[in-house]
Amino acid sequence: MNITVFDNHEALSQAAAELVIDEIKKKPDLIVCFPTGSTPIRLYEILIEAYQKGKVDFSKVRVRSVDEYVGLSQDHPQSYAFFLSIHLLSCCNFDPKNIELINGAAQDPQAECLRYAQKLKEEGGIDLILDGIGENVHIGFNEPADQLYDHYHLESLSPWTRQVNARFFESIVDVPDQAMSVGVLDLLEAKTFLVLSSGKKKAEVWRRLSTENTLSTRFPASLLKLSQNVHCLIDQESASLMASDKVGK
Ligand code: PGA
């Protein structure tokens, strides 16, 4: 796991956008998983600006899911698919035939996770995945638990995650209690995994990551240390409690 600290959210978003554009230039048909959340919104604005200036071509990029709420169809305003569509996909020249997202509204969610995991396997795995990190130390929707999953799977959302994500819904009772999520091995085996973290509310996670020397399923973010393909782009506020000798390692 590599960590680079940037002055602020703007600088880390610019750096993330440059990395994404570089990866697309190297492999125009790469398989990429873009996240939801507040952190990547500025990155998406920068990617859209780059597209409008002719600096990046998304026409061959294959888009896959990080996660999705169980029970929400792709046109539901709180679905992963809808978020991604309005913040990025519909604003650039992504080809709809290259966008294949996991179906949150599938009749059999378990079977849908297995189908999607198999599909990604047949496609050769994820080239580039981006994700945030939860204040409760989750990665993707891999919540702290006694056991974690390898590939796409059903995840019961913790009360904490439902509470935090309630800001996107009318009320907490509307937040689904299950999600389909990328698994830990999907993240660690991706050719490049960019972790984005901004703000003081994440500082405790980075303090723990820089000071604790154990890996645990109760601390899913600690498993990021298993891969050298994990590149964490974090701002000064997120890094404010970190042990300074760990930055860059
Ligand atoms: P955020 O979400 O970007 O809204 O902080 C990150 C996460 O919970 O994984």
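Just so you know, ligand 1 is whichever comes first in the structure, and atom 1 is the first atom listed for that ligand.
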Got the residues with a heavy atom under 4.0 Å of ligand 1, by chain and number? Gly37, Ser38, Thr39, Gly132, Ile133, Gly134, His138, Arg167, Lys202
Go through it in stages, so that I can follow the logic: the residues are Ser198 and Asp235, the test is side-chain hydrogen bond (donor to acceptor under 3.5 Å, both in side chains), and I'd like the CA-CA distance, side-chain angles, deciding distance and then a yes or no. CA-CA 5 Å; Ser198 172; Asp235 67 7; 2.8 Å; yes
List the residues meeting side chain to side chain donor-acceptor pair (under 3.5 Å) with Gln52, not counting sequence neighbours, and say none if there are none. none
Name all residues meeting the ring-ring contact (aromatic ring centres under 6.0 Å, His included) criterion together with Phe141; count only those two or more places apart in sequence or in a different chain, and write none if there are none. Tyr69
Quick one: does Glu68's side chain get under 4.5 Å of Leu101's, heavy atoms only? no
So, for Ser65 and Tyr116, which heavy atoms are closest and what is the spacing to 0.1 Å? N-OH, 2.9 Å
For His87, what residues pass the side chain to side chain donor-acceptor pair (under 3.5 Å) criterion, not counting sequence neighbours? none
